[in-house]
Amino acid sequence: IIFTIFVIMKNEDLNYILKDASIDRLMIMLIGHPLVGKSTFIKENDLEDFDIISRDELVLDVAGTKDYTEAWKIVDQGKVNIKLKERINFLKGFSDNVIIDMTNMTSKGRKNHLKKFKDFHKVAVVFPFLDKDELEKRQIKRVKEVNKFIPYEVIDRMKKSFEVPTKDEGFDDIIEL
């Protein structure tokens with residue numbers, strides 16, 4: 001509940017952008033390590049009617065299962081990468097509102113996505129790192145709900161790789177939660 005209140009209170013900037021009539025096409029890039037609440041953010045801010053690019057969902061789709069832990073073990077990552085490129089290429093041409101729901105921890109990776117959405121208003125939404133206790137609580141909950149476990153050492157590596165997003169990367173707005 002505390003997290004939800006925090007997100008709602010900090011989203012005045014996003015609400016302003018969403019209501020801006022001068023923005024024809026909007027791309028929101030969510031930035032944060034696993035378990036920070038990126039997908040939850042979409043639901044809690046009524047953004048589910050945006051077209052969503054989620055590598056995790058593509059992993060499940062390509063593997064043919066809703067069990068993420070099993071999917072991760074069996075999926076051909078090359079096929080996932082192909083599907084990801086296809087989805088991005090389709091949406092950049094045919095969608096007006098896109099959310100990239102991935103970790104997006106490095107400048108290089110973000111720039112690679114941003115350059116594909118040239119005529120979009122591009123917004124970064126940056127999530128704060130979670131401490132170990134909160135990570136453990138969320139990990140337990142996620143495993144129970146969807147059998148999705150991300151090893152803590154993987155999350156730690158992602159945290160270490162994080163580069164603070166800047167407008168020089170191509171963002172029009174950066175919102176830090």
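When every heavy atom of S107 is checked against every heavy atom of E163, the shortest pair comes out as N-OE1, 2.6 Å. When all heavy atoms of I31 and A124 are compared, the pair lying nearest together is CD1-CB, 3.8 Å. For the pair V36 and L130, the tightest heavy-atom approach, listed with the atom from each and the gap, is CA-CD1, 3.8 Å. Here the closest heavy-atom approach between residue A71 and residue T65 is recorded as CB-CG2, 3.6 Å. Nearest heavy atoms, G32 versus F127: CA-CB, 4.4 Å. Across all non-hydrogen atoms, the minimal contact from P34 to L135 is O-CD2, 3.9 Å.
Within the 4.5 Å cutoff, the side chain of I28 has no heavy atoms near those of the K122 side chain. Counting only heavy atoms from C-beta outward, the side chains of I99 and F41 never approach each other to under 4.5 Å. With contacts defined as side-chain heavy-atom distances shorter than 4.5 Å, the pair L84/I53 qualifies. Looking at heavy atoms from C-beta onward, L18 lies in side-chain contact with L47 at the 4.5 angstrom threshold. L26 is not listed as a side-chain neighbour of V98, based on a closest heavy-atom distance of 4.5 Å or more. Inter-residue side-chain proximity for R142 and N147 is flagged as unmet; no heavy-atom pair is nearer than 4.5 Å.
In this structure, the side chain of K167 does not engage the main chain of D173 through any donor-acceptor pair within 3.5 Å. Of the possible polar contacts, one joining the Q139 side chain to the I150 backbone as a donor-acceptor pair under 3.5 Å is found. When atom types are taken as modelled, the side chain of R110 and the backbone of M105 share a donor-acceptor pair closer than 3.5 angstrom. Between the side chain of D61 and the backbone N or O of E57, no donor-acceptor pair lies under 3.5 Å.
For H33 and F129, the gap between ring centers is short of 6.0 Å.
In summary, the side chains of N81 and R55 do present a donor paired with an acceptor at a separation below 3.5 Å, with no hydrogens or angles considered. Of the N and O atoms on the side chains of S22 and D20, at least one donor lies less than 3.5 Å from an acceptor on the other residue.
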Could you walk me through whether F117 and M29 pass the side chain to side chain contact (heavy atoms under 4.5 Å, CB included) test, one step at a time? CA-CA 11 Å; F117 291 91; M29 182 180 291; over 6 Å; no
Take H121 and D24, measure what side-chain hydrogen bond (donor to acceptor under 3.5 Å, both in side chains) needs, and give me the verdict at the end. CA-CA 8 Å; H121 185 90; D24 293 326; over 6 Å; no
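Both the sub-6.0 Å distance and the 45° axial angle are satisfied by K132 relative to the ring of Y152.
A salt bridge is defined here as a Lys NZ or Arg NE, NH1 or NH2 lying under 4.0 Å from an Asp or Glu carboxylate O, and K111 with E169 fails to meet this definition. A salt bridge is absent between D119 and K92; no separation between the charged side-chain nitrogens and carboxylate oxygens falls under 4.0 Å.
The distance from atom NZ of K148 to atom CG of D67, rounded to the nearest 0.5 Å, is 11.5 Å. If you take NZ on K116 and CD1 on I100, they are separated by 8.5 Å, rounding to the nearest 0.5 Å. Rounding to the nearest 0.5 angstrom, the gap separating the CD1 atom in I155 from the NZ atom in K160 is 13.0 Å. Separating the CD1 atom in I52 from the CG atom in D101 is a distance of 6.5 Å, to the nearest 0.5 Å.
Classification of the Y68-W72 ring pair by plane angle, with boundaries at 30° and 60°, yields parallel.
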